[in-house]
Chemist: 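Sending over a structure as structure tokens; questions will come in a sec.
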Amino acid sequence: MRKLFPDYLLITLKGLAMGAADVVPGVSGGTIAFISGIYQELIDSINNVNVSVLKTLKKDGFKTAWKQVNGNFLLALLTGIGISILTFSKVITHLLETQPLLVWSFFFGLIIASICLIWKEINRWNFIEILFLLIGIVISYYITIARPVSSPDSYWYLFLSGFIAIIAMILPGISGAFILLLMGSYETVIGTINSFREGLTTANSDILMQALLKLGIFALGCIIGLKSFSKVLHWMFENHKNKTLTLLVGFMIGSLNKVWPWKEVVETRINSHGEVVPYIDKSILPQNFNGEPKIALVILLTILGFFLIFGLEKLASKLGKN
């Protein structure tokens, strides 16, 4: 039985980490949920939000219905995710522009540690498990090298982007933000989030309402996609947990190509502000990097990211025993 503090505070902090990961192309919020010990509960809670909740609400009241959907957990987690996205969307994009080597090396360490932790959960290996691992690696790696497309300026495409991206966001190893980048919607979504924050801070109703409309359409796509796919994930974990874990490990291994720190830009584009920004890049060795490779700092931050995940896992284990 959880108590309000510090248990739900910790869940909110995990939500903060998930939100920060979700705005970075290449890192999955689902990965953070998995390694922090709340992934299964998240999927189960989402799956419990269905039509039967309305019947429970009518028959037994709000308190029973709230308990049925694990409302305290979802509220604490979504609060953390929301705060993080609004707070860190500008910070993380700025860091990716100014200190990409250090940011990507930190996330590289996070994902390596996550692979190790999930690998320990796999209780057997046979031909089918190995096949699922390879399928995950191939799919995820292909996503990291796929060519982004330009987004048509329409609400239906924003809805579709939310529908597809949320599926990736709850899958460890596949970045929803990177899916948005591939679909050409990343800049639009991040820009809308920044506009929403600007509208709130400046009390500009025009900016706020326009941002709310776009975010609402995107969120509707997310909700429908999340609800649809959560049933699939719930069934997979209930009936084929070992195969599901091997597939997720494959996704994570394949995604390492995207978060490899040293990159070479092979094509650029002009963003909405008229700035030249990287469009397509490829992973290279540090000695081939155009600039200071900062090898010592990269290794240090990779190790820091690695041990941060193990620290979170140990903390979650201790709290779970209390």
Chemist: If you group Ile, Leu, Val, Met, Phe, Trp and Tyr by side-chain heavy-atom gaps below 4.5 Å, do L212 and F159 land in one group?
Modeler: yes

Chemist: Kindly compute the distance separating CD1 (I284) from CG (N290), expressed to the nearest 0.5 Å.
Modeler: 8.0 Å

Chemist: Going through the distances and angles, do L54 and K58 end up as a side chain to side chain contact (heavy atoms under 4.5 Å, CB included)?
Modeler: CA-CA 6 Å; L54 296 177; K58 185 177 180 180; over 6 Å; no

Chemist: Please tell me if the side chains of L256 and I115 come closer than 4.5 Å, counting only heavy atoms from C-beta onward.
Modeler: yes

Chemist: Evaluate the side chain to side chain contact (heavy atoms under 4.5 Å, CB included) criterion for residues F106 and L95: first the C-alpha distance (whole Å), next the side-chain angles of each, then the deciding distance (0.1 Å), finally the verdict.
Modeler: CA-CA 12 Å; F106 180 73; L95 287 174; over 6 Å; no

Chemist: Should T192 and F218 be marked as a side chain to side chain contact (heavy atoms under 4.5 Å, CB included) after you check the CA-CA gap, both sets of side-chain angles, and the distance that decides it?
Modeler: CA-CA 10 Å; T192 304; F218 180 75; over 6 Å; no

Chemist: Does N242 reach the main-chain N or O of R124 with its side chain, forming a donor-acceptor pair under 3.5 Å?
Modeler: yes

Chemist: Starting from I217, can I reach Y157 by hopping between I/L/V/M/F/W/Y residues whose side chains sit under 4.5 Å apart?
Modeler: yes

Chemist: Taking all non-hydrogen atoms of both residues into account, name the closest pair between F73 and L42 and its distance.
Modeler: CE2-CA, 3.7 Å

Chemist: If you round to the nearest 0.5 Å, how far is CG of L285 from CD of E264?
Modeler: 11.0 Å

Chemist: Quick check on the hydrophobic clustering: are I223 and V232 connected, directly or via other members, by side-chain heavy-atom contacts under 4.5 Å?
Modeler: no

Chemist: Using modelled atom types only, decide if a donor and an acceptor are shared between the side chain of S140 and the backbone of G136 within a distance under 3.5 Å.
Modeler: no

Chemist: Assign the ring pair W125 / W119 to parallel, tilted or perpendicular, where the plane angle (0 to 90°) is split at 30° and 60°.
Modeler: tilted

Chemist: Quick one: does V189's side chain get under 4.5 Å of L158's, heavy atoms only?
Modeler: yes

Chemist: Report the distance from atom CG of L77 to atom CE of M18, rounding to the nearest 0.5 Å.
Modeler: 5.0 Å

Chemist: Any donor-acceptor pair under 3.5 Å linking the side chain of S84 with the backbone of A20?
Modeler: yes

Chemist: State, to 0.1 Å, how close Y155 and K214 come at their nearest heavy-atom pair, and which atoms those are.
Modeler: CE2-CG, 4.0 Å

Chemist: Under 3.5 Å, side chain of T12 to main-chain N/O of A76, donor-acceptor pair present?
Modeler: yes

Chemist: Linking I/L/V/M/F/W/Y whenever any side-chain heavy atoms sit under 4.5 Å apart, do M252 and V138 land together?
Modeler: no

Chemist: Hey, what do you get for NE2 (H240) to CG (L245), rounding to the nearest 0.5 Å?
Modeler: 13.0 Å

Chemist: Are the side chain of N47 and the backbone N or O of I43 linked by a donor-acceptor pair below 3.5 Å?
Modeler: no

Chemist: Tell me if the NZ atom of K227 is crowded by more than 12 foreign heavy atoms within 6.0 Å.
Modeler: yes

Chemist: Can you hop from I164 to W156 via hydrophobic side chains spaced under 4.5 Å?
Modeler: yes

Chemist: Is the closest side-chain heavy-atom distance between L74 and V49 below 4.5 Å?
Modeler: yes

Chemist: Could you tell me whether the side chain of W104 reaches within less than 4.5 Å of the side chain of W260, counting heavy atoms only?
Modeler: no

Chemist: Under a 4.5 Å cut-off applied to non-hydrogen side-chain atoms, are W66 and L75 in contact?
Modeler: yes

Chemist: Give me the one residue out of I303, T302, L297 that meets side chain to side chain contact (heavy atoms under 4.5 Å, CB included) with I299.
Modeler: I303

Chemist: Work out which heavy atom in N48 is nearest to a heavy atom in V69; give both atom names and the distance.
Modeler: O-CG1, 3.9 Å

Chemist: Show the nearest heavy-atom pair for residues L301 and S105, with the distance to one decimal.
Modeler: CB-OG, 3.5 Å

Chemist: So which atom in I166 and which in G225 form the shortest heavy-atom distance, rounded to 0.1 Å?
Modeler: CG2-C, 3.8 Å

Chemist: Walk me through it: do D60 and Q68 pass the test side chain to side chain contact (heavy atoms under 4.5 Å, CB included)?
Modeler: CA-CA 11 Å; D60 302 314; Q68 180 179 327; over 6 Å; no

Chemist: How about CD on E129, more than 12 heavy atoms from neighbouring residues, nucleotides or ligands closer than 6.0 Å, or not?
Modeler: yes

Chemist: Is the shortest heavy-atom distance from the side chain of L247 to the side chain of K243 under 4.5 Å?
Modeler: no

Chemist: Would you find more than 12 non-hydrogen atoms of other residues, nucleotides or ligands less than 6.0 Å from N288 atom CG?
Modeler: yes

Chemist: Taking all atoms of both residues into account, what is the closest heavy-atom pair of P261 and V298, and its distance?
Modeler: CG-CG1, 3.9 Å

Chemist: Do E198 and N194 come close enough that some side-chain heavy atom pair is under 4.5 Å?
Modeler: no

Chemist: Using 0.5 Å steps for rounding, measure from the CD1 atom of I118 to the CD atom of E121.
Modeler: 8.5 Å

Chemist: Let me confirm one number: the CE-CZ distance from M209 to F196, rounded to the nearest 0.5 Å.
Modeler: 10.5 Å

Chemist: Decide yes or no for L133 and I253: does some side-chain heavy atom of the first lie under 4.5 Å from some side-chain heavy atom of the second?
Modeler: yes

